[in-house]
Amino acid sequence: MSTLESKFIGTIIGSALGDAIGKCVEEITIKEVYDFYGGPIEGFVEPHPLSPAYGSTPHEVSDETTITLILLESIVSKKAIDPYDFYNRLLAWRQDEKIHRYPDPALLTALDLLSSGISLEEAGFVSASVEGILRCIAVGMFHFYEPLLASEGARLVSIMTHRSPEVYDASSMLAVFISHLLRGDYDLSDLSQRLKLLETVSSFAKYKKHKSYIDKVKDLLERGATLEEAIYTIGNSTYVFEAFPISLFIFLSNIENPMSAFWSAINSYGDFGGDTDAIGYLVGAYIGAYWGEDVFPQYLIENLENSDYYISLAQKLYSIVEQHIERRLGDVL
């Protein structure tokens, strides 16, 4: 297996692991976690009774991963990013409520509006939820060789259901970040390279305000801040410019110990709870994209629901991307 194929698998497996484990303590405070589990969680556990995931099994993912899988299935089927095919697949999923796992209400509302013939603009629908950008790791993988294409594709697949300036910029930055991690363009053991990567990511934001959130991450990294300080400074809610920048901080502040980053993401609840499954999803994707699938303990992968299917999808996507690159090289020659 090539290094790049391992990174493709690692991106999908890492995101699914982060979602599956992180869902168990979503919106739960540090006191509630410690009272119930006896301390930070580091493995598959029963969801906390107060979490939205209560009633689900420890090893299953939430619909945050499901939407990414739907996009991956569309890309693999069409060998391209086809927004119409993706939309039709989303509608089919929306109509089968038996398979839903506490999905993002904003996504359901957007799909209901669109299927009734009302555009999101006409409805005045706005959502700045991090759930709107998570699917963009698939775009960052598909267009990893060209970050600009990754940026444009990510915006396309996000704003079709989560329309806001925040999602417009964050989706682009996430796909670009994944692209550069897969490419290995930066030696992240060097702090200056980490800061340079953040500058590159920030350059894809259209709105100045959104660049300032990345500046906060840079400042925290330079100061050697703790996770608690970062949560206090940035936040850790479902708002996209809390969950996304805190995920960047967690990953980049633990670059020499990727599994410490992973468990920090899972346990990023703080005094008031937090969107731990989305943060875990993002950090898991970063770790897999930079280090490859072997960074994750085998027992976690083996116990993850449908892990073989996730690996198969990643391998199929890698094969398609490899063929695209070979054709591009052939055109150049």
Side-chain angles (χ1 to χ4, degrees), residues 9-48 51 53 56-62 64-65 130 134 137 181 188-189 194 217 220-221 224-232 234-237 242-305 307 310:
I9 295 171
T11 304
I12 300 304
I13 286 293
S15 63
L17 282 170
D19 177 26
I21 302 174
K23 77 179 189 300
C24 300
V25 290
E26 182 183 8
E27 299 181 12
I28 308 304
T29 68
I30 186 171
K31 182 181 185 306
E32 291 167 337
V33 170
Y34 279 54
D35 286 348
F36 189 77
Y37 298 105
I41 64 172
E42 290 197 355
F44 291 106
V45 296
E46 292 291 335
H48 191 282
S51 80
S56 62
T57 68
H59 308 99
E60 69 183 35
V61 299
S62 77
E64 297 187 353
T65 293
V130 69
L134 299 181
I137 68 164
L181 294 180
L188 299 184
S189 64
R194 281 175 257 165
V217 177
L220 290 164
L221 289 173
T226 65
L227 176 58
E228 291 72 23
E229 291 174 301
I231 291 175
Y232 180 81
I234 298 172
N236 63 347
S237 77
E242 289 190 16
F244 176 51
I246 198 69
S247 73
L248 295 174
F249 170 80
I250 292 171
F251 172 66
L252 293 172
S253 62
N254 292 278
I255 201 65
E256 298 296 345
N257 194 336
M259 287 309 295
S260 288
F262 183 77
W263 296 122
S264 292
I266 298 300
N267 293 283
S268 60
Y269 23 72
D271 292 333
F272 305 100
D275 197 346
T276 50
D277 58 340
I279 296 169
Y281 173 109
L282 289 167
V283 174
Y286 305 157
I287 292 169
Y290 190 66
W291 295 104
E293 66 169 319
D294 291 341
V295 73
F296 298 107
Q298 192 60 34
Y299 75 90
L300 288 180
I301 298 175
E302 289 175 351
N303 285 288
L304 174 68
E305 173 198 44
S307 60
Y310 303 156

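The shortest heavy-atom contact between Ser15 and Ile12 is OG-O, 2.9 Å. Pro245 approaches Ile234 most closely through the heavy-atom pair CG-CG2, 3.7 Å. Taking all atoms of both residues into account, the shortest heavy-atom contact from Val283 to Ala261 is CG1-O, 3.7 Å. Pro58 and Val45 get closest at one heavy-atom pair: CB-O, 3.2 Å. Taking both residues in full, the closest heavy atoms of Leu188 and Arg194 are given as O-NE, 2.8 Å, listed atom of the first, atom of the second, then distance. Shown here for Asn236 and Gly273, the closest heavy-atom pair between the two residues is ND2-O, 3.1 Å.
Between Val61 and Tyr310 there is a side-chain heavy-atom pair separated by less than 4.5 Å. For the pair Ser253 and Leu220, the minimum side-chain heavy-atom distance is 4.5 Å or more. Looking at Tyr281 and Ile137, their side chains come closer than 4.5 Å, going by heavy atoms from C-beta outward. Side-chain contact between Leu300 and Met259: present, with at least one pair of heavy atoms (C-beta onward) separated by less than 4.5 Å. A 4.5 Å side-chain heavy-atom check between Asp277 and Glu64 finds at least one atom pair inside the cut-off. Taking the side chain as every heavy atom from C-beta outward, Ile301 and Phe296 approach each other to under 4.5 Å. Looking only at side-chain heavy atoms (C-beta outward), Glu256 and Ser189 come within less than 4.5 Å of each other. Residues Val130 and Asp275 have side chains in contact (heavy-atom distance under 4.5 Å, counting atoms from C-beta outward).
With hydrogens and angles ignored, the 3.5 Å screen pairs no side-chain donor or acceptor of Tyr269 with any backbone N or O of Val25. Within the 3.5 Å criterion, the main-chain N or O of Tyr299 finds no donor-acceptor partner in the side chain of Glu302. In this structure, Lys31 contributes its side chain and Phe272 its backbone to no donor-acceptor pair below 3.5 Å. Using a distance-only test at 3.5 Å, with no hydrogens or angles considered, no donor-acceptor pair links the side chain of Asn267 to the main chain of Pro40. Ser51 places no side-chain N or O within 3.5 Å of a backbone atom of Pro47 that could act as its donor or acceptor partner.
A donor-acceptor contact under 3.5 angstrom links the side chains of Ser62 and Asp19, judged on distance only. Of the N and O atoms on the side chains of Tyr286 and Ser247, at least one donor lies less than 3.5 Å from an acceptor on the other residue. Side chain to side chain, Glu242 and Ser237 meet the donor-acceptor criterion of an N or O pair below 3.5 Å.
Residues meeting the salt bridge (Lys or Arg N to Asp or Glu O under 4.0 Å) test with Glu60, sequence neighbours left out: Arg101. With sequence neighbours excluded, no residue forms a salt bridge (Lys or Arg N to Asp or Glu O under 4.0 Å) with Asp294. Listed by chain and number, the residues in a side-chain contact (heavy atoms from CB on, under 4.5 Å) with Asp271 are Ile30 (sequence neighbours excluded).
Ring geometry for Phe44 versus His59: interplanar angle of 30 to 60°, hence tilted.
For the atom pair Ser307 OG and Ile9 CD1, the distance stands at 11.0 Å (nearest 0.5 Å). The NE2 atom of His48 lies 10.5 Å from the CD1 atom of Ile41; values are rounded to the nearest 0.5 Å. Expressed to the nearest 0.5 Å, how far CD1 of Ile255 lies from CD1 of Ile250 amounts to 12.5 Å. To the nearest 0.5 angstrom, Ile287 atom CD1 is 12.5 Å from Tyr290 atom OH. Separation of atoms OG1 (Thr29) and OH (Tyr34) is listed at 11.0 Å; rounding is to 0.5 Å. Atoms NZ and CD1, from Lys23 and Ile266 in turn, are 9.5 Å apart once rounded to the nearest 0.5 Å.
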Let's go through Thr276 and Ile21 carefully: what are the C-alpha distance in whole Å and the side-chain angles of both, what is the deciding distance for side-chain contact (heavy atoms from CB on, under 4.5 Å) to 0.1 Å, and is it a yes or a no? CA-CA 9 Å; Thr276 50; Ile21 302 174; over 6 Å; no
Apply side-chain contact (heavy atoms from CB on, under 4.5 Å) to residues Glu46 and Cys24 and explain how you reach the verdict. CA-CA 7 Å; Glu46 292 291 335; Cys24 300; over 6 Å; no
